[in-house]
Structure formats: C-alpha cells, structure tokens
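Below: the structure, in structure tokens.
Numbering of ligands and ligand atoms starts at 1, following listing order.
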Amino acid sequence: MNKTPYTYLICLCALVLYANCTTNTLDEGDVTDLPPIVEAVTYDDDVAPIINTNCVGCHSGPSANAGLQLDGYANVRAAAEQGNLVNRINNASNPMPPSGQLPPETRQIIDQWVADGFLEN
Ligand code: HEC
C-alpha cells in the first residue's frame, strides 16, 4: 500500500495548524487590538510598579545604563516626555527591557499614562 498521500496530508495539516498558532501569537502582541483603558492611569498606582520591576535594575544609580535614571516620577516623566522611553518599550526589534518586549497589556498602560498627561497619583 502506498502511504505517501496520507503522509503528505498530515504534513499539510500540521503546517496549517502551526501557521494558525503563529498568527494568533503575533496578533496578541499588538497593543492596538486591546480594548481601551477606561479608568485613570497614574504613576503611583500603575506605572511605578512596571518601571520598578522591569527597568530600575539597569537604569538607576551612578552606573545607570545609557546614563538614564528611571527611579521616581520626575525621571520617568522626563524620559517619557522626551519620547525615547515609549519608543523603546514598543520597539519590537530593539526593545526595553533588552530581554524582550513587555506584554501588550503592560505597554498599553504606559501609552495611556502618556496620553493622559503623566498623572502622578
Ligand atoms: C538589563 C539591563 C536593562 C534593563 C532591564 C532595561 N534597560 Fe534600558 N538600556 C539598557 C542599555 C544597556 C541601554 C543602552 C543601549 C541601548 O540603547 O540599547 C539602554 C537604553 C535605554 C534607553 C535609551 C536611552 C538613550 O538615551 O538612548 C531607554 C529609553 C531605555 N533604555 C528605557 C528602558 C526602560 C523603559 C526599561 C524598562 C521597561 C529598560 N530600559 C530596561 C539596559 C537595560
């Protein structure tokens, strides 16, 4: 019995399934696909925990990377107003943190904080 057509069909199904999964993963990475945030986003409640967990280890103190200080409201606001912070967080090919882009839900909070005018608390 010739099994070749079956093997071919199974391979094709596997390929279609794989392509489908890959597409879904990419879609989840898109901040614009998320529902809008309706409640107010503030530095103290929402932004500080993200920055302190993901950025301050490399961006504070005398040996801060790129000389960029990200501890405290004033420093984070200055970096966000200047534009680099938002660009690098959302930059898929050269992200901050360097280990990989934060989840879209997390990046959306930063974007919203900027859009709302950098509320502190
Ligand atoms: C593991 C260390 C590390 C972590 C964690 C990290 N950074 Fe960086 N960051 C660097 C290094 C190294 C550079 C300089 C090289 C470059 O620009 O890629 C840099 C550069 C930057 C720059 C560009 C500064 C400039 O003036 O060119 C920004 C903005 C930035 N980081 C923001 C962030 C933010 C926001 C986070 C957290 C979401 C973060 N970084 C987390 C190491 C880190």
**Report entry** atom 28 (C) of ligand 1: any protein heavy atom closer than 4.0 Å
**Finding:** yes

Query raised in the report: Is there a nitrogen or oxygen of N94 sitting under 3.5 Å from a nitrogen or oxygen of ligand 1?
Result: no

Query raised in the report: Hey, does V47 have a side-chain heavy atom less than 4.5 Å from the side chain of T42?
Result: no

**Report entry** Nearest non-hydrogen protein atom, atom 35 (C) of ligand 1
**Finding:** C55 SG, 3.6 Å

Requested in this report: Check each of N54, L68, N84, N65 against atom 42 (C) of ligand 1 and report the one with the nearest heavy atom.
Outcome: N65

Report summary line: Nearest non-hydrogen contact to atom 33 (C) of ligand 1 from the set R88, R107, Q82, M96 belongs to M96

Requested in this report: Give, for atom OG of S60 and atom CG of N65, the distance between the pair rounded to the nearest 0.5 Å.
Outcome: 10.0 Å

Query raised in the report: Mind checking whether Q69 and D71 have side chains closer than 4.5 Å, heavy atoms only?
Result: yes

Query raised in the report: Hey, looking at atom 3 (C) of ligand 1, which of G83, G57, P97, C58 has the closest heavy atom?
Result: C58

Requested in this report: Check L70 against ligand 1 and report side chain, backbone, both or neither, counting heavy atoms closer than 4.0 Å.
Outcome: side chain

Requested in this report: Please identify which atoms of ligand 1 are closer than 4.0 Å to at least one heavy atom of P98.
Outcome: 3 (C), 4 (C), 6 (C), 7 (N), 42 (C), 43 (C)

Query raised in the report: Are any of the side-chain heavy atoms of L119 and Y43 separated by less than 4.5 Å?
Result: no

Query raised in the report: When rounded to the nearest 0.5 angstrom, what distance separates CG in L85 from CG in L70?
Result: 6.0 Å

Query raised in the report: Nearest to atom 8 (Fe) of ligand 1, which N, O or S atom of H59 do we find?
Result: NE2

